[in-house]
Student: 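One structure coming up, written as structure tokens, with questions to follow.
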Amino acid sequence: MTTVEHFPALAPLRQARERFLSDRPLPDDVPDEVLAAWRRARFFGVRHDLDGPVHDPELPADSALLEAARPVLDRIAPALGHSAMLLTDERLRVLWTTGEVPGDDRCRDLSEREVGHNSAALALRTRRRAEVHGPEHFLDVWQDVSAVSVPLLAPDSGQALGTVTVASALCAGCGPHPGAALAEATATAVEAELLARSRTAERVLLDAYTRAAHGPDRAVVALDGRNRLVSEAAVRLATPQVLAALERSSTSERASGTRPPHDSQPPQDTGGGAVVERSNGAGGGPVQERPADAGGGPALERSHDAGGGPNRERPTDAGGGPALERSHDTGCRPVQEQPYDLTLPDGAGCTAEITPVRHEGRVLGIVAVLEARPAEAPVPRLVPRPALALAGGSVPWRHAVARAVELARVPEPLLLTGERGSGKTALARELLGEREPLVADAAESPELGVKYSELADGRPLLLRHAERLAQPDVAALNSLLDEHPDVHLLVTYTPGTPPGPCFQRLLDTLAARSVTLPALRERPEDVRELLPVLAPRPAPGQPPLTWTLDALRALEEHPWPGNVTELAHVVRALAEHRRVTGPVRRAELPDPVRERPAARRLSPMEHAERTAILAALRRHGGNKARAAAALGIGRATLYRKLRGYQGIS
């Protein structure tokens, strides 16, 4: 019997697929998702008849997912009956299969680029259980196949690791796939096994760290890409540069250390590469090994910050060794490796002896023993720190600096506007470079006393706190700009009280060449870059000032009404008065910074609205009536929005 005779409900879809393949018009009742999947397959150049060579993907030589899943799959295999089960990785490469796969079992890559629409690709994309029946598939060989797939998610990070699929003869129209519950149970059991193995690896690393740190004065650091253990003696030596070098070493060891230790005998594999296992369905070992080229695709390696949260994924070479049967005895002690010395960056102030930690045939991390360099060792050359005025990578700050640099290329008047302490004077001096300007500070003396004759030789004038200029000097400055509009003048201005007519004329004259610097609360992501620049240089042999994640969060959430200047006072006070070692903790911060409650983050729409309001207030010198009129809103609405944004980051 044909599919149409068995399942009349699928007849319209089957006919629609045939019309699609022959480029004829389609009926209107084809599901959008199925039609989009067919179109993607055609775009990728998939042949519905599989005419031509079938892609045989390179497989990872050592798959942590397959290791964790194999015991579960072997237990479940006898319960499959006439169905088949497949395990894929995050790239939809088939790692394991058992039972009689309906259709063509040559397909070892279930990505849509190779075989078109299928349940495994759909489950991985949607991150939930997915079913595909008969003519919903793109391939001819799967027209009488129903399949259900469940994604496998990492227990710690939620990252998709692969899929479990149960395939059977066509069974559409009878509710959920009969194998749906089995696929769900299998996925749950595999994820539980992954979690157990993750905790076992953490215990192994902790044991290795405890054995290495057998004395109170022993400086030991243990890392596995997810966890970082640092002894009290190592806190002083483990600078950010040293920790970064140790993290790179740990990553390299985990990527290249998948082969067994030298005293272990690997199983014979004439192909020298990875294998796809096919179970005999009786709970036993594999009955077929298909060699593939070694190396395979990249395995995802998850790394976490010091607080334990995931922060990135990066591909690493899975290595080229043969796949090994692993022991699952969680009480195994890690195999001891030969230690070696790691080359640390110049100025590290210590040496590092690295010992890889191996468990169940794979390297899961490293233990590093740090030793301070001898006191008579030459002091390394100090690396110049970036200028304070240029520190920061946020979009508002980089945009403002780039605009200022562009305008400063022409030696004409330039106005730098911003809140107090936002870095106007520091940026002005940086723009002048090595040229020594005449400096006039209206905050110290409202009377400038600067004559144009002093500027005739091209020497620039840096005028600070222009908002405090006396009326006669404002008039004199207006006259100077009227007669010499190309004078090399840099003016810093902090908006506050509404400007008078004469000063407003000065601002209008300079408006065409003006730059507004964002407040520090508008660029909290720059706080981490500012901290090492603001901190005093440490004494020889002392580590630089570092910060815990909790302290960094508190600094980033503080509104900093005094901006960079206020942050600089806090950093210098901590550096000068601290009597403890190690990273600065939140408890050491000043009360206003430490006790500030976590601020609600603005949505993108709220952030854009707040930025527009602040820009309008700056343009109109803080005059709320003019700012409201320019924004097209009522003054009461402006006041209400300003109150709503108080205390929000």
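Positions are given from 1 along the sequence.
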Student: Quick one: are Val221 and Val367 in side-chain contact, heavy atoms under 4.5 Å?
Tutor: no

Student: Can you list the steps and then say if Arg91 with Asp89 is a salt bridge (charged side-chain N to carboxylate O under 4.0 Å, His left out)?
Tutor: CA-CA 5 Å; Arg91 292 169 55 183; Asp89 63 6; 5.7 Å; no

Student: So, Arg93 side chain and Asp109 main chain: donor-acceptor pair closer than 3.5 Å or not?
Tutor: no

Student: So which atom in Ala121 and which in Leu110 form the shortest heavy-atom distance, rounded to 0.1 Å?
Tutor: CB-O, 3.9 Å

Student: Output the distance between atom CZ (Arg203) and atom OG1 (Thr210), rounded to the nearest 0.5 Å.
Tutor: 13.0 Å

Student: Go through the side-chain N and O atoms of Ser111 and Arg113 and say whether any donor and acceptor fall under 3.5 Å apart.
Tutor: no

Student: I'd like to check the salt bridge (Lys or Arg N to Asp or Glu O under 4.0 Å) partners of Asp28; sequence neighbours left out, ordered by chain and number.
Tutor: none

Student: Less than 4.5 Å apart, side chain to side chain, heavy atoms only: is that true for Asn118 and Leu92?
Tutor: no

Student: Are the side chain of Ser252 and the backbone N or O of Arg248 linked by a donor-acceptor pair below 3.5 Å?
Tutor: no

Student: Working note: Trp96 + Asp74, criterion side-chain contact (heavy atoms from CB on, under 4.5 Å); need CA distance, chi angles, decisive distance, verdict.
Tutor: CA-CA 10 Å; Trp96 181 95; Asp74 288 342; 4.1 Å; yes

Student: I need the minimum non-hydrogen distance between Leu182 and Ile76, along with the two atoms involved.
Tutor: CD1-CG2, 3.6 Å

Student: Side chains of Leu243 and Arg228, heavy atoms from C-beta outward: is any pair under 4.5 Å?
Tutor: yes

Student: I need the minimum non-hydrogen distance between Ala189 and Val72, along with the two atoms involved.
Tutor: CB-CG1, 3.6 Å

Student: Which heavy atom in Phe138 sits nearest to a heavy atom in Arg42, and how many Å separate them?
Tutor: CZ-N, 4.5 Å

Student: Are Thr97 and Arg108 packed together at the side-chain level, in the sense that at least one heavy-atom pair is separated by less than 4.5 angstrom?
Tutor: yes

Student: Give the intermediate values and the outcome of side-chain contact (heavy atoms from CB on, under 4.5 Å) for residues Val94 and Leu87.
Tutor: CA-CA 6 Å; Val94 178; Leu87 173 74; over 6 Å; no

Student: Is there side-chain contact between Gln15 and Pro27, with heavy atoms separated by less than 4.5 Å?
Tutor: no

Student: Considering only heavy atoms from C-beta outward, does the side chain of Arg358 approach that of Pro356 to under 4.5 Å?
Tutor: no

Student: Nearest heavy-atom pair of Gln143 and His137: which atoms, and what distance?
Tutor: NE2-O, 3.3 Å

Student: Should Arg47 and Asp140 count as an ion pair when the cut-off is N to O under 4.0 Å?
Tutor: no

Student: Looking only at non-hydrogen atoms, find the nearest pair between Glu131 and Ala180 and report the distance.
Tutor: OE2-CB, 4.3 Å

Student: May I ask you to test the Leu13-Glu136 pair for a side-chain heavy-atom distance under 4.5 Å?
Tutor: yes

Student: Do Leu161 and Leu153 have side chains that get closer than 4.5 Å, going by heavy atoms?
Tutor: no

Student: Is the closest basic N to carboxylate O distance between Arg125 and Glu112 below 4.0 Å?
Tutor: yes

Student: side-chain contact (heavy atoms from CB on, under 4.5 Å) for Leu139 and Val46? Distances and angles first, verdict last.
Tutor: CA-CA 9 Å; Leu139 295 186; Val46 179; 4.0 Å; yes

Student: Any Lys/Arg nitrogen of Arg528 or Glu556 sitting under 4.0 Å from an Asp/Glu carboxylate oxygen of the other?
Tutor: yes

Student: With ring pair (Phe, Tyr, Trp, His ring centres under 6.0 Å) as the rule and sequence neighbours excluded, what pairs involving residues 16-37 come up?
Tutor: Phe20-Trp38

Student: Does CG belonging to Asp32 count more than 12 external heavy atoms closer than 6.0 Å?
Tutor: no

Student: Keeping Glu529 on the side-chain end and Asp526 on the backbone end, is there a donor-acceptor pair under 3.5 Å?
Tutor: no

Student: Between Ser168 and His177, is there a side-chain donor-acceptor contact under 3.5 Å, judged purely by atom types and distance?
Tutor: yes

Student: Within this structure, what is the CZ-CG distance for the pair Arg586 and Leu555, rounded to the nearest 0.5 Å?
Tutor: 9.0 Å

Student: Please check if the side chain of Ser146 supplies one atom and the backbone of Cys171 the other of a donor-acceptor pair under 3.5 Å.
Tutor: yes

Student: Determine, stepwise, if the pair Thr165 / Met85 fulfils side-chain contact (heavy atoms from CB on, under 4.5 Å).
Tutor: CA-CA 5 Å; Thr165 299; Met85 180 174 284; over 6 Å; no

Student: To the closest 0.5 Å, what do you measure between CZ (Arg24) and CD (Glu18)?
Tutor: 7.5 Å

Student: Look up atom NE2 in His133 and atom CG in Leu10, then write down how far apart they are to the nearest 0.5 Å.
Tutor: 8.5 Å

Student: Nearest 0.5 Å, please: how far is CG in Leu152 from OG1 in Thr88?
Tutor: 7.5 Å

Student: Verify, without hydrogens or angle tests, whether Arg127 (side chain) and Pro151 (backbone) share a donor-acceptor contact under 3.5 angstrom.
Tutor: no

Student: Rounded to the nearest 0.5 Å, what separates atom OH in Tyr209 from atom CD1 in Ile366?
Tutor: 14.0 Å

Student: Just by modelled atom types, is the Glu247 backbone N or O under 3.5 Å from a matching donor or acceptor in the Thr251 side chain?
Tutor: yes

